[in-house]
Amino acid sequence: MEYNFKTIEQDWQKYWADNKTFKAEEKSNKPKYYVLDMFPYPSGAGLHVGHPLGYIASDIYARYKRLKGFNVLHPMGYDSFGLPAEQYAIQTGQHPAITTQQNIARYREQLDKIGFSFDWDREVRTSNPDYYKWTQWIFIQLFNSWYNTNTNKAEKIETLVAEFAKNGNAQVKACTSQETIFSATEWNAFSEKEQQDILMNYRLTYLSEAWVNWCPALGTVLANDEVKDGVSERGGHPVERKLMKQWSMRITAYAQRLLDGLETIDWTESIKEAQRNWIGRSVGTSLKFKVQGGLKHRNFLVISSESNTNDFSEEPEDVYIEVFTTRPDTIFGVSFVTLAPEHELVNELTTNEYKQAVDEYVLYAKNRSERERQADVKKITGQFTGAYVVHPFTNEPIPVWIGDYVLAGYGTGAVMAVSAHDTRDYAFAKYFNLPIKEVVAGGDLEKEAYDAKEGKLVNSDFLNGLEVKEAIKKAIAIIEEKSLGKGKTNFRLRDAVFGRQRYWGEPIPVYFENGIAKVLSEDKLPLVLPEVDKYLPTEDGEPPLARAKDWTFETTTMPGWAGSSWYFYRYMNSQNKNEFASQQSINYWQDVDLYIGGSEHATGHLLYSRFWNKFLFDLGLVPKEEPFKKLINQGMILGTSEKIYRGNYNSSQLVGKLFCEKDIYMPGFFAKNIYYSAKNIEFAKANYTKIDELEHLSVLNVPIQNVKNSVLDISKIDDYQNSIFATKYGFWYKNEFHIYKGINGEPVIDNISETDKNFYTFQEVEKMSKSKWNVESPDDICDKFGADTLRLYEMFLGPLELSKPWNTNGITGVHGFLKKLWRLFYASGEFVVSNDEPTKAELKTLHKTIKKIVEDIERFSFNTSVSNFMICVNELTDAKCNKRAILEPLLITLAPYAPHIAEELWKQLGNKESITFATFPAFNESYLVDDTINYPVSFNGKTRFMLELAATMTAKEIEDHVMALADTQKYLEGKTPKKVIIVPKKIVNIVV
RNA sequence: GCGGAUGUGGCGUAAUUGGUAGCCGCGCCAGACUUAGGAUCUGGUGCCGCGAGGCGUGGGGGUUCGAGUCCCUUCAUCCGCACCA
């Protein structure tokens with residue numbers, strides 16, 4: 001009987017579904033293991049071959065852990081709120097829920113074909129009200145919490161209110177945007193509105209006027225991680241800065257803990273580093289510079305009716321510019337102070353003389369888009385304000401400049417410029433001819449700034465002679481002593497903007513009463529997404545939810561990362577109606593042991609979910625501070641686009657992409673000279689009716705490795721079997737016609753003149769996407785070779801973490817392996833398995849394989865395990881081995897990789913239960929001993945031999961072993977070894 | 001600029017972690033079977049050389065009896081962050 005993967009795979013997929021083979025239960029005396037995949041966004045394009053890569057890896061691991069005696073949780077679901085469904089809805093009027101539903105159905109069908117061992121009873125969908133009820137619930141908890149920096153955790157807002165009523169806010173240490181201090185008496189006298197406005201400055205999710213990334217094309221704001229190079233990550237639309245009233249998440253409260261937590265988890269260094277950069281901790285000090293003459297420069301008087309304390313007496317009030325620096329040691333090198341153009345003091349400081357120039361500069365900076373600003377960071381611009389500050393130690397006047405190299409949002413929006421020891425300050429000083437004052441010896445200031453943190457301080461009064469590190473300490477000490485500033489840690493991380501002006505997202509459960517934002521009471525949840533007539537913003541620019549009838553709630557919705565920040569807990573208890581998951585379930589499953597997914601979420605999902613998890617941890621709702629113990633980032637599978645060029649090699653024009661209906665590997669070819677191959681021409685004419693097109697045949701046939709982006713030496717070509725016939729409509733290759741298609745997938749048929757019929761193609765590797773027309777579907781592989789082949793092949797392609805282009809070149813090799821395995825059982829055409837005792841060699845093959853597979857799985861080296869299976873089956877085929885004692889353990893070992901064929905053969909061996917419930921075989925090291933001395937190496941007059949020995953052998957056993965073997969080995973030339981000395985590993989010194 | 005990776009046959013890769021470099025697969029070559037081959041089976045295949053032999057893990061240096069693996073240096077490619085004071 002042939003290996004009929006189609007029926008085998010269908011049958012077993014049905015069996016698994018019918019029997020709920022992979023159902024995970026909480027009652028078990030086995031240890032738990034949670035294997036999680038990053039759930040997909042169900043897009044209209046369906047799965048491509050890149051999606052299952054990580055799922056296959058996690059499935060192998062999950063199945064392996066089950067066989068190893070773990071109680072495994074391995075769920076799957078859908079991140080089903082998102083922009084594409086909404087865009088589609090805007091274009092077609094189709095409700096996004098319907099599109100999403102259809103896409104999910106399609107995804108499910110595709111996933112089922114691959115034979116994953118998911119427990120589908122636990123499926124979650126973030127757009128399902130039963131699910132987003134709890135996303136909203138978490139939002140409410142965040143709203144009702146503040147961050148206590150004394151206890152270093154989130155606490156209920158009631159504790160804060162009580163403290164305010166009792167002592168005011170002077171003693172409260174919190175992560176807050178509240179700037180003013182009030183007493184208990186004042187607090188109690190505040191109106192409700194005033195109190196709520198203050199509380200808003202403490203809440204972990206809060207409404208505030210903030211600079212946001214506004215994307216006009218998408219009509220919504222975006223979080224920092226959704227903006228790349230000044231354009232939106234989705235769609236590539238320009239993004240601008242805009243001041244808006246927005247919901248935000250106070251993730252900055254957790255900055256330090258998010259940083260510290262990285263030390264405790266097993267993630268790749270690159271992701272951890274990306275998060276560290278994103279959080280961007282820097283330690284330094286704040287420092288106040290007194291403005292010379294206070295605000296006497298102020299030359300326009302604002303008569304304020306609200307304020308009655310402004311009497312503009314002749315005495316100028318003291319005004320300070322506060323800066324943040326990591327190099328307080330260079331305080332004596334300050335040659336100017338630079339403010340961001342948006343800095344609040346700019347207006348007040350500027351003197352009459354410079355007012356016009358400053359105003360112009362501020363306007364210029366404001367109109368320069370974020371993108372421009374990023375694009376030409378080298379461009380130096382700035383303006384003197386006319387004002388001076390006083391150096392805190394020398395009392396010298398220091399000019400105050402504004403410049404857009406200083407960012408308003410970081411630190412205090414002002415820097416002390418030490419032009420000698422900071423690259424940007426240096427460039428600024430050179431450009432505007434400002435003084436450069438050396439205070440750390442060691443650099444060549446004629447050429448460039450010296451910003452290394454080593455060297456001795458000079459020209460620095462009390463710091464002179466100190467090393468930089470000591471000088472920093474001393475400077476901070478003195479600055480603090482003189483109350484000029486304070487040691488301080490700054491983070492680059494900003495609070496995350498949470499509201500989106502879109503329809504297809506979780507409604508924010510907030511309503512407004514007398515201008516006060518109030519959260520919905522928990523028993524009213526979920527706040528269900530209302531119906532709207534159109535999915536566009538209203539005419540007044542309100543978000544789509546403003547169109548809903550009788551909608552009295554917040555009109556922005558939550559961002560995509562809301563639902564995905566906690567979904568891994570919902571899987572633990574996905575049907576729960578009363579809690580986001582029961583405490584019992586959470587305490588049983590604890591956390592995710594293995595998380596597999598792409599690295600593109602490094603500063604998005606993977607940071608936000610750590611944040612939410614820490615918050616839930618603070619509330620005592622989850623037991624672990626970090627949600628994902630081990631993270632593996634699978635590489636991307638890239639698509640290969642075959643691009644067609646026309647014209648000469650050196651001056652050519654892209655006319656389209658080449659589409660092959662089947663999986664033919666097309667090398668780049670250069671169709672220039674015309675060659676004919678009679679045989680193929682005949683075939684072509686017989687099979688293709690538009691014979692006149694064949695007039696334009698350009699023929700080329702080339703051994704593939706001879707083509708290397710260069711014009712070919714055609715004189716060497718005589719292999720007509722592999723000829724390529726290029727016509728203006730397409731090309732013939734191996735007796736099939738392949739049409740050229742343009743960028744949009746349309747055939748390229750026009751625009752090609754008689755004289756310009758030279759085509760050539762090049763492969764370009766790029767990200768797989770529907771818009772690039774290079775998507776490869778896993779379905780085709782499943783249909784043609786089966787799911788087991790797809791699984792093995794995706795693993796075989798290379799190391800999991802590496803990005804690699806998709807090609808099907810090697811798939812027959814992997815498929816052949818399965819057929820070969822099948823033939824071990826069906827050598828005579830019928831199922832025959834022997835019950836004989838296996839030979840020593842057969843046992844060695846088996847145990848070697850088990851050992852390697854275990855090692856491979858444990859270090860996630862799935863590609864090598866496929867090779868090891870092939871070696872094993874090759875050896876067993878050579879030995880004509882069909883013994884049960886060998887094949888049965890082999891099938892269990894293989895089951896995680898190729899579950900369908902393993903199940904089928906397992907059943908035919910007479911087993912009643914699914915192979916899922918078998919026990920993974922242990923290997924026996926003693927079968928792996930080899931009796932031969934392999935080769936000699938000379939060392940210090942002695943002879944060393946490489947031996948393959950069992951790791952468990954004692955020194956005595958090795959010595960006896962070597963002595964017994966020695967005389968049979970030619971390397972000893974008949975001499976008897978006198979002494980055997982064992983050095984580390986498998987090397988043995990034999991003194992002759 | 002800072003940070004993270006990666007460099008091994010024609011290609012994807014492997015190497016028991018310091019021990020005979022190139023396992024396994026693709027491709028290619030030869031043969032068998034076949035109406036045919038994008039099927040199957042057998043053998044060969046790092047490079048140079050008829051050969052003995054020599055050379056080989058991006059380049060250069062070092063440690064070592066021994067280096068793809070460790071150290072120094074340099075080059076190339078990819079990814080992330082980027083005027084963060």
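Any value given below was found using the heavy atoms of this structure, including those in side chains, with hydrogens, waters and symmetry copies removed. So that the names make sense, note that chain A is the first sequence line, chain B the second, and so on, each numbered from 1.
Relative to the side chain of Pro799(A), the nucleotides A82(B), A85(B), A14(B) differ in distance, and A14(B) lies closest. Among the nucleotides G4(B), A85(B), A82(B), the one closest to any side-chain atom of Val406(A) is A85(B). Comparing G25(B), G80(B), G38(B) by their nearest atom to the side chain of Ala274(A) picks out G80(B). Nearest nucleotide to the Phe796(A) side chain, out of G12(B), A15(B), A85(B): G12(B). Of the candidate nucleotides G25(B), A14(B), A5(B), A5(B) has the atom lying nearest to any side-chain atom of Glu269(A). Side-chain proximity of Phe324(A) to G80(B), A85(B), G25(B): nearest is A85(B). The side chain of Ile871(A) lies closest to C24(B), out of A14(B), A85(B), C24(B). The side chain of Tyr410(A) lies closest to A85(B) when the candidates are A85(B), G38(B), A15(B). For Lys784(A), whose side chain is taken as the heavy atoms from C-beta onward, the closest listed nucleotide among A82(B), G38(B), A15(B) is G38(B). For Thr812(A), whose side chain is taken as the heavy atoms from C-beta onward, the closest listed nucleotide among C26(B), A85(B), U17(B) is C26(B).
By the 6.0 Å and 45° rule, Lys819(A) does not stack over the aromatic ring of Tyr3(A).
Between the CG atom of Asp878(A) and the P atom of C41(B) there is a distance of 12 Å, given to the nearest Å. In this entry the distance linking CD of Glu273(A) with C1' of C2(B) reads 10 Å, nearest Å. The interatomic distance linking Arg327(A) (CZ) with A85(B) (C1') rounds to 11 Å, in whole Å. The CG atom of Leu607(A) sits 14 Å away from the C1' atom of C81(B) (whole-angstrom rounding). One atom, CZ of Phe817(A), and another, P of U40(B), lie 16 Å apart when rounded to the nearest Å. Between Leu339(A) atom CG and C83(B) atom P there is a gap of 19 Å when expressed in whole angstrom units. Here the C1' atom of nucleotide C83(B) and the CD atom of Glu342(A) are 13 Å apart, to the nearest Å. With rounding to whole Å, Asp451(A) atom CG is found 16 Å from C83(B) atom P.
Contact annotation: Asn633(A) side-chain N/O to A5(B) OP1/OP2 distance is not under 4.0 Å. Note on Tyr405(A): every side-chain N or O is 4.0 Å or more away from OP1 and OP2 of A85(B). For Arg492(A) and C81(B), the shortest distance from a side-chain N or O to OP1 or OP2 is not below 4.0 Å. OP1 or OP2 of A85(B) sits under 4.0 Å from a side-chain N or O of Ser282(A). A sub-4.0 Å separation between OP1 or OP2 of C2(B) and a side-chain N or O of Asn277(A) is absent.
Contact check on Glu2(A) versus Arg823(A) returns no salt bridge, with no Lys/Arg side-chain nitrogen under 4.0 Å from an Asp/Glu carboxylate oxygen. With respect to the salt-bridge test (charged N to carboxylate O, under 4.0 angstrom), the residues Glu273(A) and Arg276(A) qualify. Lys848(A) has a carboxylate O that lies under 4.0 Å from a charged side-chain N of Glu875(A), or vice versa, which qualifies the two as a salt bridge. For Glu794(A) and Lys804(A), the salt-bridge test fails: no basic side-chain N is under 4.0 Å from an acidic carboxylate O.
The residue Asn490(A) sits apart from the nucleic acid: no heavy atom pair falls under 4.0 Å. Among the atoms of the strands shown, none is found under 4.0 Å from any heavy atom of Lys852(A). Nucleic acid contact class of Ser270(A) (heavy atoms, under 4.0 Å, all strands): sugar-phosphate only. Counting non-hydrogen atoms under 4.0 angstrom, Arg281(A) reaches nothing in the nucleic acid.
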Requested in this report: For Asp856(A) and Phe862(A), run side chain to side chain contact (heavy atoms under 4.5 Å, CB included): C-alpha distance rounded to whole Å, both residues' side-chain angles, the deciding distance at 0.1 Å, then the answer.
Outcome: CA-CA 6 Å; Asp856(A) 291 339; Phe862(A) 300 115; over 6 Å; no

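Taking atom P in both G56(B) and A21(B), the straight-line distance is 12 Å, to the nearest Å.
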